[in-house]
Structures are given as structure tokens and as C-alpha cells.
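Have a look at the structure below, then the notes.
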There are 2 protein chains.
Amino acid sequence: MFSSMTQVHDTKQRLLDTAQKLFYARSYEDVGVQEICQEAGVKKGSFYHFFPSKRDLTLAILDESWKRYRETMLAQVFARDIPPLKRIERLLDSQYRHHKAVKDETGQVLGCPYGNLAGEMSTQDEVIRERLKRIFRDLEAPIEQVLEEAMAAGELAELDSRATAGAMVAYLEGLTLMAKTWNDPEVVRTLGPAMLKLAVPVTRG
Amino acid sequence: MFSSMTQVHDTKQRLLDTAQKLFYARSYEDVGVQEICQEAGVKKGSFYHFFPSKRDLTLAILDESWKRYRETMLAQVFARDIPPLKRIERLLDSQYRHHKAVKDETGQVLGCPYGNLAGEMSTQDEVIRERLKRIFRDLEAPIEQVLEEAMAAGELAELDSRATAGAMVAYLEGLTLMAKTWNDPEVVRTLGPAMLKLAVPVTRG
DNA sequence: AACATAGTTGACCGGTCGGTCAATGTCAAG
DNA sequence: CTTGACATTGACCGACCGGTCAACTATGTT
């Protein structure tokens with residue numbers, strides 16, 4: 001009775017969770033609707049009752065997972081309990097610990113779910129690409145704010161905080177992709193701290 | 001007679017070129033052997049005469065395309081006709097011009113063929129992943145050398161040239177992925193120069 | 001002319017792809 | 001007890017997947 005009550009109405013959620021996991025571990029194209037349904041214990045007909053297409057399922061995953069990440073991880077990482085620049089270090093540390101945990105569990109570094117999808121799907125689906133673009137822009141915002149705060153606190157020389165935040169997101173994505181290619185979370189730990197160098201004015205000659 | 005002579009023996013090459021283009025424009029999983037053959041004007045049976053599998057075709061593409069890029073583009077970009085750090089700028093410029101040209105031609109920024117494949121396939125094929133890892137390491141080498149030269153010439157403060165080269169490759173890949181997600185080559189031009197900041201010792205208040 | 005080798009062709013394999021559909025089941029409100 | 005909305009099921013669709021194979025042709029060597 002209890003189990004049926006909880007099982008009956010979370011079919012949609014189970015599909016979202018299962019697909020998210022499979023897409024992350026492999027890729028969008030490699031994972032079929034059939035496999036998602038099998039893994040989630042749902043018949044294919046039900047899938048198309050909840051989602052008009054595989055593409056729409058993906059968009060739903062993007063919205064939901066990013067909302068969750070923003071409201072939990074990001075909120076914690078960028079909390080104002082430590083100095084601004086320390087929060088960047090905390091972001092890097094949370095990334096390292098995530099990839100370490102995933103590798104310990106699955107034997108593989110899976111990279112960034114958004115970066116992975118961006119590389120695979122940006123040329124194939126404009127709607128997905130725009131969604132990913134918005135996600136990356138969302139990530140720039142708190143970083144930009146951290147830089148502003150650091151400048152106000154005199155911890156940082158004057159610089160273009162918007163552009164620097166953009167560069168930092170790019171670096172973070174590249175870093176993650178390298179960790180995936182090396183299949184080694186330590187890449188994040190050794191190369192990560194260099195991200196702070198991006199917040200330093202160029203000194204040439 | 002002439003045309004047949006040149007057509008008869010470049011079947012393999014046509015498959016390589018066509019597949020390379022298609023994989024780059026879309027993705028590994030999205031492009032089928034059938035489509036490659038159609039586009040190349042080759043029957044599927046011939047495909048499997050030259051390549052034991054789609055996977056092996058991909059490995060051949062990786063080897064060939066990277067060899068060509070290294071021996072032409074990279075050799076020019078890192079030629080010793082200008083000061084070391086200027087060569088980094090020249091690398092960024094060549095990247096910008098490439099993505100600009102591709103976008104003008106296809107309407108899309110396609111990103112880095114190796115980065116794309118790394119994101120899609122690193123968790124699925126160890127051999128491909130190792131090959132991509134080697135490619136990225138190959139790219140680090142000339143950058144590392146540039147940094148060494150710059151240090152010797154007093155253009156740069158002392159730093160870990162190996163680690164910095166690694167960070168620069170990561171940044172370049174992230175940059176390229178962002179340009180793809182934004183579908184805008186200008187991302188490379190505006191965010192690119194920040195790569196040089198990675199070659200500056202951390203200065204913290 | 002005979003022979004081996006490389007290259008080409010098209011039919012064929014089992015399996016999976018994303019997606020559709022009509023029939024059926026479940027359940028709560030009227 | 002009926003109605004209607006939501007949910008579930010399994011059969012089905014045409015197309016395509018990566019890959020195999022035996023027969024055939026073209027080429028260069030002896």
C-alpha cells in the first residue's frame with residue numbers, strides 16, 4: 001500500500017533521474033529511450049505519456065538538475081561566510097571532491113554534464129544549446145559577484161569582472177574536460193588553483 | 001583514365017575525409033557508417049574492406065588529422081620568427097580565424113574536434129580516450145617550450161612551465177567549448193587573451 | 001595465359017532507433 | 001454508479017544501426 005502509493009506517482013521523476021544518470025555516464029545519443037525505460041522500470045508507452053520526445057525529456061532534465069545544483073551546491077559554495085576569493089577555492093574543492101567521489105564509485109571521471117551535452121548537442125539542437133548557454137551564464141553571475149566583492153574589499157586589483165567571470169567558467173569547463181580525458185580527478189586539484197590567476201591584471205614586459 | 005586512376009585508389013582517403021567532416025559537424029554517435037559511405041560515394045562493403053570497424057576509422061582519423069595539424073598549423077604558429085609569448089597570441093589568433101571561417105561557411109561554431117570527441121567518448125572507449133590524451137599532451141609540449149624560452153629571455157617570471165602549459169591547454173579547450181555553446185567565434189577573441197594571465201605568478205593581497 | 005591480390009558490390013543479418021496508438025486500468029469527484 | 005481525467009500497457013511502425021559475406025571485377029606479376 002505504502003510502496004504503491006509512492007511508486008505510482010513518481011514514474012515521471014524516475015524517468016528524469018534515470019535518464020540524467022545515463023546521459024551523464026555515457027552520452028545523449030548513446031542512450032536510447034528503451035534503455036531509460038528498462039532502467040527506470042517503466043514501459044515505453046508511459047514514457048511518451050509524460051514526455052513528448054527524448055529531446056523534451058532532456059530539456060526537463062536540464063531545467064531540473066540545474067535548479068537543484070544552483071539552489072543547493074552553488075548556494076553553499078558561494079555563501080558569504082568566508083572571504084570572496086576563498087569561495088572560488090571552495091568551488092574548486094567541491095568540484096574536486098565530486099569527481100573524486102564519482103571516480104571511486106564508477107571508476108571513471110564523467111566530466112561536466114552540461115559541458116558534455118554542450119559539446120555533443122550544440123550543433124544539433126538550438127533549443128538545447130540556448131538552455132546550456134543560459135546555464136553557463138547563470139554560473140558566471142555568482143563568480144562575477146565574488147570578484148566585485150573582492151575588489152571592493154581591496155583583495156583584488158581593478159578588472160573587468162564580467163569578462164573575468166566568463167574566462168573562469170571557460171577554464172573550469174576546460175579543466176573538467178581534461179580531468180575526464182585523463183580520467184583523473186587530481187587534474188582538478190593540481191590545475192584548479194590556476195583559475196585565480198585569471199583574476200590578476202596582465203603584467204607584461 | 002586520369003580520373004579513374006585518382007578515384008580508384010583514394011577510396012580510403014575519401015572515407016577518412018568525409019567521416020572527419022561529419023564527426024566534427026555533428027558527433028560520433030549521430031553519424032552512421034551508412035551516411036559516411038553515401039557522402040563519400042562508397043558502398044558499405046568497401047568501408048569494411050578498409051576499416052574493421054567504425055571505431056578503427058575514428059582512430060585513423062585521429063592519427064591522421066592530428067599529424068596534419070601538428071605538421072602544418074602548429075609548426076607555423078610556434079615558429080621561432082617572433083618572440084615566445086607572441087606565439088601564444090598567434091595560436092589564439094589562428095583559433096579565432098578558424099572558428100570565424102567555419103561559422104561564415106556553415107553558420108555554426110563547431111568547437112574542437114578533439115575536445116568534442118573527448119567529451120562524448122572518453123567514458124565509452126578507453127583506446128580513443130588514450131589517443132585524445134596523447135593529443136592534448138602533444139599540444140602542451142610546444143606551449144611548455146614557449147614558456148621556457150620566455151623565461152630564459154626574461155619575458156616571464158619563474159614558474160612551473162609544465163603545469164602552466166597544462167592549464168593553458170585546459171583554458172583553450174574550455175574557451176572553444178564556450179564559443180561553441182555561444183555559437184559565436186568572438187568569444188575566442190574576447191576571452192582568449194586571458195590565457196596569458198595563466199603565465200603569471202599568483203599575487204595575493 | 002595464369003594466378004594471386006586488392007578492391008568493389010549488393011544482398012543480407014539481428015537488433016535497436018524514436019515514436020505511435022488503441023485498449024485497458026486506476027481513482028477520485030459528482 | 002457513472003463519468004472523466006490520468007496513467008499504464010504492449011503491440012506495432014518504418015527506418016536505421018554496425019557489421020558480414022560470397023560473388024565479382026580489376027590490376028599487376030610471373
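In what follows, every chain begins at residue 1, and chains take the letters A, B, ... in the order their sequences are listed.
- The side chain of A:T11 contributes no N or O atom lying less than 4.0 Å from OP1 or OP2 of D:dA7.
- Salt bridge annotation for B:E64-B:R68: present, with a cationic side-chain nitrogen under 4.0 angstrom from a carboxylate oxygen.
- Contact between the side-chain N/O atoms of A:Q34 and the OP1/OP2 oxygens of C:dG18 is not found at any separation under 4.0 Å.
- By the 6.0 Å and 45° rule, A:K12 stacks over the aromatic ring of A:F51.
- Residue B:K54 has its side chain nearest to D:dG18 when only D:dG18, C:dG18, D:dA7 are considered.
- In this entry the distance linking CD of A:Q13 with C1' of D:dA7 reads 17 Å, nearest Å.
- In this structure, CZ of A:F51 is placed 14 Å from C1' of D:dA7, rounded to the nearest angstrom.
- Summarising the geometry, the separation between CG on A:D125 and P on C:dG18 is reported as 14 Å, rounded to the nearest angstrom.
- Counting only distance, with no hydrogens or angles, the side chain of A:K133 and the backbone of B:N183 share no donor-acceptor pair below 3.5 Å.
- A straight line from CG of B:D10 to C1' of C:dG7 spans 13 Å, rounded to a whole angstrom.
- Residue A:H49 has a polar side-chain atom (N or O) positioned under 4.0 Å from OP1 or OP2 of D:dA7.
- Between B:E35 and B:R26 there is a salt bridge, with a side-chain nitrogen of the basic residue lying less than 4.0 Å from a carboxylate oxygen of the acidic one.
- Salt-bridge formation is detected for the pair B:R129/B:E126: a Lys NZ or Arg NE/NH1/NH2 atom is positioned less than 4.0 Å from an Asp or Glu carboxylate oxygen.
- As rounded to whole Å, 16 Å separates atom C1' of C:dC17 from atom CG of A:L22.
- Residues passing the side-chain hydrogen bond (donor to acceptor under 3.5 Å, both in side chains) test with B:W66 are B:D138, sequence neighbours excluded.
- Near DNA chain D, defined here as any heavy-atom distance below 4.0 Å, the residues from residues 35-48 of chain B are B:K44, B:G45, B:Y48, listed numerically.
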